[in-house]
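To keep things clear, I will list the structure first and then write my remarks on it.
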Amino acid sequence: QELADDVYKLEEKYHLNLEMTMENGNEKLEGNSNAPSPSAALQHIQSFIAQKGFSYEEGLIENFYLCLKTKPFVILAGTSGTGKTRLVRLFAEAAGATAANGRYRQVAVRPDWSDSSDLFGHVDLNGSFVPGAVTDFLDRAAGDLEHPYFLCLDEMNLARVEYYLSDYLSVVETREMRDGHIITDPIRVEGRAELPLPENLYVVGTVNMDETTFPFSRKVLDRANTIEFSFVDLMPPEERTETGVEMPLELSNGFFRADWLNLRQCLETEDGESIRKWCGVLYQCNDLLKKANAQVGYRVRDEVIFYLLYSRKYGLMEEQEAMDREILQKILPRIQGSNGAVRDMISELFQFCAGEYEGLRTDSGEINRKMFRLLQEEGEQVRFPRSAAKLASMMRRYEEDGFTSYWQ
């Protein structure tokens, strides 16, 4: 795989036209096609975004891709101006989907949206059907299943997500595999034929968590990976020494489409021992979450396993890092509260992610200082550093304000 990636980069650099096909498991790398290996394609996408003047923290592009592959619904959360919406647009453009060719749509969510009619359409007082913001976009995607279509819901929590997006949230859970394609129940819209939810639709929502927005319900969080944007590099980018210009790829929907929809499918084709080991980690974590009634279900378990399998299959992350990101993105966003049970759960989850040490369970206050000190002293020895650091921040907010949540 490493050799294949090197060949692909050489082909790009010197504008070669190699007649080469390489089989790697179920993946195919064709030098003269639009199907590069995932790692090579993601490197190309990252270079494409960089030449547009935007830089993101290491591993973010790979993480974003794995989230889309795991489930076609992703939430990007963070401070305003950190490049969330721009990431969606540039990532889609690098994959060959733009507003110009009709495969990228950005929709600004309005605060007065209270049901799905604004998105999918409704019947007016004259009995005529009025299309919604994405009605034609879904129809177009359904007629072009070879290509991915990206829908960006900008500022998606200016209105209550579980109100205006409820139809999508329900239908996306009906996905099943038939003859190599993912089929779902249609979205039923009054006044027109049933609206399809095609397998090549990828929905990404951007959110800012402040006094003008609504919090997320667990129904929403269970169905998405939540990527937090906290990395900001205010220094200008280094001058580029390369003379070549990265052109967009033309990636097919097969590059993004999920391979599995339930855990049984994984067990039939993948390493069952590794899957059971990862499930064991989630079981231990869930046992701690139960103490504050924040435990996860089968949906979260399955999607965490999918993420880990894709990461290993394509060689994108180390196993420990992939599990760390999924705890951070699928489990911790569920945690919020002001009672002692939440505090104790955060303490025990921190020990699960970082390691045992004296004094964590005491009521002496400033537990967060001990957490941050441990993270600094232990460094690379911390089991799940990203999740542990987030838990320490959540504990700090609890001790300062008497309330905490993932959204700070």
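What you see below is based on every heavy atom in this structure, not just the backbone, and it leaves out hydrogens, waters and symmetry mates.
Judged by distance alone, the side chains of Glu190 and His122 never bring a donor and an acceptor atom under 3.5 Å apart. Donor-acceptor pairing under 3.5 Å is lacking for the side chains of Asn63 and Tyr56. Glu326 and Gln329 share a side-chain donor-acceptor pair at under 3.5 Å. The closest side-chain donor-acceptor pair between Ser274 and Arg312 falls under 3.5 angstrom. Glu319 and Trp278 share a donor-acceptor pair across their side chains, judged by distance under 3.5 Å alone.
The backbone N or O of Ser170 sits nowhere less than 3.5 Å from a side-chain atom of Thr174 that would complete a donor-acceptor pair. Gln336 places no side-chain N or O within donor-acceptor distance of the main-chain N or O of Ser405, the cut-off being under 3.5 Å. Here the side chain of Asn225 pairs no donor or acceptor atom with the backbone of Ile75 at under 3.5 angstrom. Checked by atom type and distance alone, the side chain of Thr404 never pairs as donor or acceptor with a backbone atom of Met395 at under 3.5 Å.
Residues Asp259 and Met177 come closest through the heavy atom pair O-CE, 3.6 Å. Minimum heavy-atom separation, Asp167 to Ser116: OD2-OG, 2.8 Å. Across Lys291 and Ala341, no two heavy atoms sit closer than the pair O-CB, 3.8 Å. Here the closest non-hydrogen pair linking Thr226 and Tyr406 is O-OH, 3.9 Å. Residues Leu90 and Ile49 come closest through the heavy atom pair CB-CG1, 3.8 Å. Residues Pro198 and Pro196 share a closest heavy-atom pair of CD-O, 3.4 Å.
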Hey, mind stepping through Gln295 and Asn286 against side-chain hydrogen bond (donor to acceptor under 3.5 Å, both in side chains) and telling me if it holds? CA-CA 5 Å; Gln295 65 269 28; Asn286 211 35; over 6 Å; no
Apply side chain to side chain contact (heavy atoms under 4.5 Å, CB included) to the pair Val204 and Phe91, showing each step before the final yes or no. CA-CA 11 Å; Val204 184; Phe91 186 95; over 6 Å; no
Apply salt bridge (charged side-chain N to carboxylate O under 4.0 Å, His left out) to the pair Glu173 and Arg175, showing each step before the final yes or no. CA-CA 6 Å; Glu173 294 306 312; Arg175 297 184 304 159; over 6 Å; no
Walk me through whether Asp302 and Tyr307 qualify under side chain to side chain contact (heavy atoms under 4.5 Å, CB included). CA-CA 9 Å; Asp302 290 1; Tyr307 184 102; over 6 Å; no
Run the side chain to side chain contact (heavy atoms under 4.5 Å, CB included) check on Glu246 and Ile45 step by step: do they pass? CA-CA 9 Å; Glu246 300 288 2; Ile45 290 173; over 6 Å; no
Evaluate ring pair (Phe, Tyr, Trp, His ring centres under 6.0 Å) for Tyr149 paired with Tyr104, printing each intermediate quantity in order. CA-CA 6 Å; Tyr149 281 65; Tyr104 174 81; over 10 Å; no
As a quick check of understanding, evaluate salt bridge (charged side-chain N to carboxylate O under 4.0 Å, His left out) for Glu228 and Lys390, giving each step before the final call. CA-CA 10 Å; Glu228 185 179 26; Lys390 185 64 178 180; 3.0 Å; yes
Intermediate values then yes/no, salt bridge (charged side-chain N to carboxylate O under 4.0 Å, His left out), Asp115 and Arg160: CA-CA 9 Å; Asp115 57 44; Arg160 288 196 177 276; over 6 Å; no
Residue pair Leu145, Asn253: steps toward the side chain to side chain contact (heavy atoms under 4.5 Å, CB included) verdict: CA-CA 7 Å; Leu145 295 178; Asn253 184 52; 5.8 Å; no
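Note: Tyr314 and Tyr65 have tilted aromatic rings, judged against thresholds of 30 and 60 degrees for the angle between ring planes. By the 30° and 60° cut-offs, the orientation of the rings of Phe256 relative to Phe150 is perpendicular.
Heavy-atom neighbours of Arg299 CZ from other residues, nucleotides or ligands within 6.0 Å: above the threshold of 12. More than 12 heavy atoms of other residues, nucleotides or ligands shown are found within 6.0 angstrom of CD on Glu194. For Arg218, the CZ atom is densely surrounded, since the number of other residues' heavy atoms within 6.0 Å is greater than 12. Applying the 6.0 Å contact sphere to CD of Glu162 captures more than 12 heavy atoms from other residues, nucleotides or ligands. Phe403 CZ: more than 12 foreign heavy atoms inside a 6.0 Å radius. Taking a 6.0 Å sphere around CD of Glu273, one finds it holds 12 or fewer heavy atoms contributed by other residues, nucleotides or ligands.
With Phe352 as the aromatic partner, Arg383 meets the cation-pi criteria of under 6.0 angstrom to the ring centre and within 45 degrees of the ring axis. Figure legend: cation-pi geometry between Lys71 and Phe306 absent, as NZ or CZ is not positioned both under 6.0 Å from the six-membered ring centre and within 45° of its axis.
Looking at Glu321 and Met323, their side chains never come closer than 4.5 Å, going by heavy atoms from C-beta outward. Using a 4.5 Å heavy-atom cutoff, the side chains of Leu151 and Phe137 are in contact. Two residues are said to be in side-chain contact when any heavy atoms from C-beta on lie closer than 4.5 Å; Leu309 and Trp260 meet this criterion. Side-chain contact between Arg343 and Glu399: absent, with no pair of heavy atoms (C-beta onward) separated by less than 4.5 Å. Within the 4.5 Å cutoff, side-chain heavy atoms of Asp287 are placed close to those of Lys290. Put simply, the side chain of Lys84 does not reach to within 4.5 Å of the side chain of Leu87, judged on heavy atoms. Two residues are said to be in side-chain contact when any heavy atoms from C-beta on lie closer than 4.5 Å; Val123 and Ser128 fail this criterion. Side-chain contact between Asn208 and Thr79 is absent, with no heavy atoms from C-beta onward closer than 4.5 Å.
Note that the CD atom of Gln106 and the OG1 atom of Thr206 stand 7.5 Å from one another [nearest 0.5 Å]. Between atom OH of residue Tyr164 and atom CZ of residue Phe120 there is a gap of 10.0 Å, rounded to the nearest 0.5 Å. Between the CD1 atom of Ile327 and the NZ atom of Lys330 there is a distance of 13.0 Å, given to the nearest 0.5 Å. The SG atom of Cys67 lies 10.0 Å from the CD atom of Glu303; values are rounded to the nearest 0.5 Å. Here the NE2-CG distance, from His44 to Leu249, works out to 4.0 Å after rounding to the nearest 0.5 Å. Here CD1 of Ile305 is found 4.0 Å from SG of Cys279. Values are rounded to the nearest 0.5 Å.
A salt bridge does not link Arg397 with Glu400: every distance from a Lys NZ or Arg NE/NH1/NH2 to an Asp or Glu carboxylate oxygen is 4.0 Å or more. Look at Glu93 and Lys52 and you find a salt bridge, because one of the NZ, NE, NH1 or NH2 atoms lies within 4.0 Å of a carboxylate O, short of that distance. Using a 4.0 Å cut-off between charged side-chain N and carboxylate O, Arg192 and Asp139 make a salt bridge. The existence of a salt bridge linking Lys313 and Glu270 is excluded, since no basic side-chain nitrogen approaches an acidic carboxylate oxygen closer than 4.0 Å.
Just one residue in the list Glu58, Gln51, Glu62 forms a side chain to side chain contact (heavy atoms under 4.5 Å, CB included) with Gln46, and that residue is Glu62.
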